[in-house]
Amino acid sequence: MVSAADAGDAAALLTDVPAEHRVALVDPRFVGHLHALRLGLTDPRFPAATVPGALTAQPQARPALVRALERTTAAVGAGAPVVDPGTDPAPGDRTVPGRIAVELEAEGVAVQRPALGSLVAAVPTDRDQEAAAVAGLVAVDDEAVRLRNAVKSRDGFFTTFCISPYSRYIARWCARRGLTPNQVTTASLITALIAAGSAATGTRGGYIAAGILLLVSFVLDCTDGQLARYSLQYSTMGAWLDATFDRAKEYAYYAGLAIGAARGGDDVWVLALGAMVLQACRHIVDFSFNEANHDSVANTSPTAALSDALDNVGWTVWVRRIIVLPIGERWAMIAVLTALTTPRTVFYALLIGCALAATYTLVGRLLRSVTRKARRTERAARALADLADSGPLAQAVASLVHGPKRALTAPAAALIGTLVMVGAALFLPYGSWLTVVAAAVYVVLSGFAVARPLRRALDWLVPPFFRAAEYVTILVLAARSDVPHAVPAAFGLVSAVAYHHYDTVYRIRGGTGAPPRRLVRTIGGHEGRTALVAVLAASLTHTSGFTTALTALAVAVALVVLVESIRFWVSSSAPAVHDEGELA
C-alpha cells in the first residue's frame, strides 16, 4: 500500500504497478466497515468494482483505468465535473474513485457496485458527515453482516433452518484457518464417497454410518459456498467443483446403495438407474426453461404474476420449496431412510418424491410458457440448441429439411421421436432389429426438431425430451437384456453422458458457451449414442458382449468429456463464478 499526494501522483504510482496485478484506489478520507471494502475491492468475479470512496480494477480493466485516471486528474485539476451531473449514475460519489468509475463505464467497462445494506462506506467532507459515518460504523456489527451474507439468499427449508444456522460458523472457522472453498468441497466429496462405500457394505451398521456421513457431506457442501461468500474466494476451479460434485456425490451414493442391496440378495440397480434418470431429467427441465427465458422480454404471464404474489405470503414460499424436493430435503430423506430402512425403500421413496416434484415443476413451467407473451433472443435459441446436444446424424437431417411445419413443431417432433424410441425399447421383442428401425426414425425426427432456431414458447421442451429418450432407452434395453451386470454398465454410461450434459449447462451459465462442436461430434450426440445402444442390443442379444460394449462406451465417453472439461475449467477462459444455483 502506498499513499499518493494527489490524483496526479496516484496516476504516476499506478504506472509503476505491473500490468498483471490488480490495483485499488481508496480515498484517504474513507470511513466505513472493513467488509464494505472487502465487497468493493476483493471480489474476483468483476473486472472493476466500486463503493463510495474506493475503486478496484482487474488486469483486463487496467488500460481503461489509466486513461480514466488521466482524464479525471485533468478534470479535477481544472475544477470541472467529470460528467454531466444529470447523467452521473453515482452523483453522490464525487470522490476521485467515484469519478473514475463513471469514466470506466463510459468506456464500456462493467463496474460492479455491491449492495452494502447496513454497512457504511462514506467519504465525509465535514465534521457532521464524519460524525454520522462514525455513528453508523459503531451501530452495525460488520462481522454479523458478513456471516449473514455468507448464507445463500434463496435456499430450501431444510438447508435454511437445519444447516445454515451453524454451518456459517464452520465456514468462518475454516476461513480463520486458511482453508479454501475448494478444500471444503473436496472434503465433502470424499465424505460422500465414504458414505457410498459404507452403504455398499450391505450391513445395518454400514447403512447407519452412510446416512450420517451423507448428512455430514451435505453440511460441508453448504459450508463451501458460505466460505466462498464469507471470504470472497470465487475461482474458476471452484465453479467447476461446486457445479459438478453435487451430482457426482448423489449418483455415487445411489450406486453404493445398489451394491449394498445386491450383497444382501436384492437387485435394485434398475431402481438406482431409474432414480438417476429421473433426477437428471428434472434438472434439464429446469435448466432448459431457465435458459430459454434468461433474457426474454415483455413477460406478461399470469402464472408468473401469481407466483410472485405467493412469494409475498411467507408459508407458501416454504411449502413450494419443499414440494420441489431440493437437494437438502432430498438428501435428508435419503439419509434417514438409509439408516432406518432398506435400499429398495429408499429408491421407492426417491422415485415417488421426485416424480411428484417433477410433475409440479413441469406443470408450472408449461403454464408460464403458454400464457406468457415474450420474444426470445438469439442467445436463448443458441442455448437451447446447445442443450439439445445434437450430433452429426441429427445435424445432417436438419441440413436437408427446412424445419418442422406448423403441424409438427419442434417439441412435437422431439416428443414423437421419444415415444417411438422408448416405446420400441419397451414393447418390441428384446433384440429385435425393429428397435434399430425405431432408432432411425428417432434420428430423423431429432433432425426435424432442431432444423430451425428454437424460439417458440414450448421449444425449451426439446432438450428434456431428448434426455428422456436417450437415458430411458439405455435403462430399458439394459434391464430387458437379462445379461449379468448390464444395468450397472448402463448406470456407468448414463453417468458419463449426464456429466457431459451438466458440464454443458454450467458452461452456458458462466457465459462462455457450450463445449466445442468437435466434442459433441466425437461422442455422437444424443441420437448417435441412442442408435448405437439399439444396434448393440440387437447384435449382442443375451450375451455378455452387451455388458462389455456398454462398459467400453461408458469409459470412452467419460474419458473424452472429462479431458475436455478439465482442460476448460482450469483454463483462463473459464468463468470465475460461484454457482448460487437453483434448488437442485
Side-chain angles (χ1 to χ4, degrees), residues 277 280-281 284 288 384-401 410 413-425 432-451 454 462-478 486 489-505 514-540 545-546 548-565:
V277 167
C281 289
I284 192 59
S288 187
L384 290 180
D386 290 332
L387 290 174
D389 193 35
S390 300
L393 297 178
Q395 291 295 331
V397 172
S399 66
L400 297 176
V401 299
L415 175 60
I416 294 171
T418 297
L419 293 176
V420 168
M421 188 67 253
V422 174
S432 170
W433 283 94
L434 288 177
T435 305
V436 178
V437 174
V441 174
Y442 174 68
V443 169
V444 173
L445 289 172
S446 297
F448 267 76
V450 297
L454 300 174
V462 171
F465 284 146
F466 288 163
R467 290 301 84 75
E470 180 179 5
Y471 296 167
V472 174
T473 296
I474 295 172
L475 165 62
V476 171
L477 292 178
F491 189 97
L493 176 57
V494 173
S495 297
V497 175
Y499 176 87
H500 162 61
H501 291 146
Y502 283 119
D503 188 50
T504 300
V505 167
R517 286 298 306 167
R518 66 177 182 277
L519 173 68
V520 178
R521 289 193 294 268
T522 299
I523 60 176
H526 70 92
E527 81 289 352
R529 292 186 297 270
T530 304
L532 177 58
V533 172
V535 171
L536 292 174
S539 57
L540 301 173
F546 185 53
T548 303
L550 288 179
T551 303
L553 182 57
V555 171
V557 172
L559 285 176
V560 172
V561 299
L562 279 172
V563 168
E564 163 57 26
S565 177

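- Among all heavy-atom pairs drawn from Ala425 and Leu477, the shortest one is CB-CD2, 4.0 Å.
- Closest approach of Thr418 and Ala469 over heavy atoms only: OG1-CB, 3.6 Å.
- When the ring-ring contact (aromatic ring centres under 6.0 Å, His included) test is applied to Tyr502, the partners found at least two apart in sequence or on another chain are His283.
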(message) For Val533 and Leu553: C-alpha separation, side-chain torsions, deciding distance, then whether side chain to side chain contact (heavy atoms under 4.5 Å, CB included) applies.
(response) CA-CA 9 Å; Val533 172; Leu553 182 57; 4.2 Å; yes
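- For the atom pair OG1 of Thr504 and CG of Leu519, the computed distance is 7.5 Å after rounding to the nearest 0.5 Å.
- Taking CD of Glu470 as the reference point, atom OH of Tyr442 lies at 7.0 Å (rounded to 0.5 Å).
- Under the salt bridge (charged side-chain N to carboxylate O under 4.0 Å, His left out) criterion, no residue pair touches residues 517-526, with sequence neighbours excluded.
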(request) Show the numbers, then the answer: is there a side chain to side chain contact (heavy atoms under 4.5 Å, CB included) between Phe466 and Val450? (result) CA-CA 11 Å; Phe466 288 163; Val450 297; 4.1 Å; yes
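- Of the possible polar contacts, none joining the Glu527 side chain to the Ser446 backbone as a donor-acceptor pair under 3.5 Å is found.
- The side-chain hydrogen bond (donor to acceptor under 3.5 Å, both in side chains) check on Ser565 picks up Trp240, Tyr499, Asp503, with sequence neighbours excluded.
- Heavy atoms only, all atoms of each residue included: Thr435 and Ala424 are closest at OG1-O, 4.0 Å.
- Exactly one residue among Leu475, Thr551, Leu550 makes a side chain to side chain contact (heavy atoms under 4.5 Å, CB included) with Leu493. That residue is Leu550.
- Of all heavy-atom pairs between Leu454 and Ala449, the closest is CD2-O, 3.4 Å.
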(request) Check step by step if side chain to side chain contact (heavy atoms under 4.5 Å, CB included) holds for Trp433 and Ser539. (result) CA-CA 8 Å; Trp433 283 94; Ser539 57; 4.1 Å; yes
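- Taking all atoms of both residues into account, the shortest heavy-atom contact from Ala554 to Gly492 is CB-C, 3.7 Å.
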Donor-acceptor list for residues 384-392 side chains, cut-off 3.5 Å, not counting sequence neighbours:
{"residue": "Asp386", "atom": "OD1", "partner": "Arg382", "partner atom": "NE", "Å": "3.4"}
{"residue": "Asp386", "atom": "OD1", "partner": "Arg382", "partner atom": "NH2", "Å": "3.2"}
{"residue": "Asp389", "atom": "OD1", "partner": "His500", "partner atom": "NE2", "Å": "3.0"}
{"residue": "Asp389", "atom": "OD2", "partner": "His501", "partner atom": "NE2", "Å": "2.9"}
{"residue": "Asp389", "atom": "OD2", "partner": "Arg529", "partner atom": "NH2", "Å": "2.7"}

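- Atom CD1 in Ile474 sits 9.5 Å away from atom CG in Leu532 (nearest 0.5 Å).
- Nearest heavy-atom pair, Phe546 versus Ala486, reported as atom, atom and distance to 0.1 Å: CD2-CB, 4.3 Å.
- In terms of the side-chain hydrogen bond (donor to acceptor under 3.5 Å, both in side chains) criterion, residue partners of Glu564 (sequence neighbours excluded) are, by chain and number, Arg507, Arg567.
- Under the ring-ring contact (aromatic ring centres under 6.0 Å, His included) criterion, Phe465 pairs with no residue at all, not counting sequence neighbours.
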(request) Report the C-alpha separation of Val557 and Val497 in whole Å, then their side-chain angles, then the decisive distance to 0.1 Å, and conclude whether the side chain to side chain contact (heavy atoms under 4.5 Å, CB included) test is met. (result) CA-CA 7 Å; Val557 172; Val497 175; 4.2 Å; yes
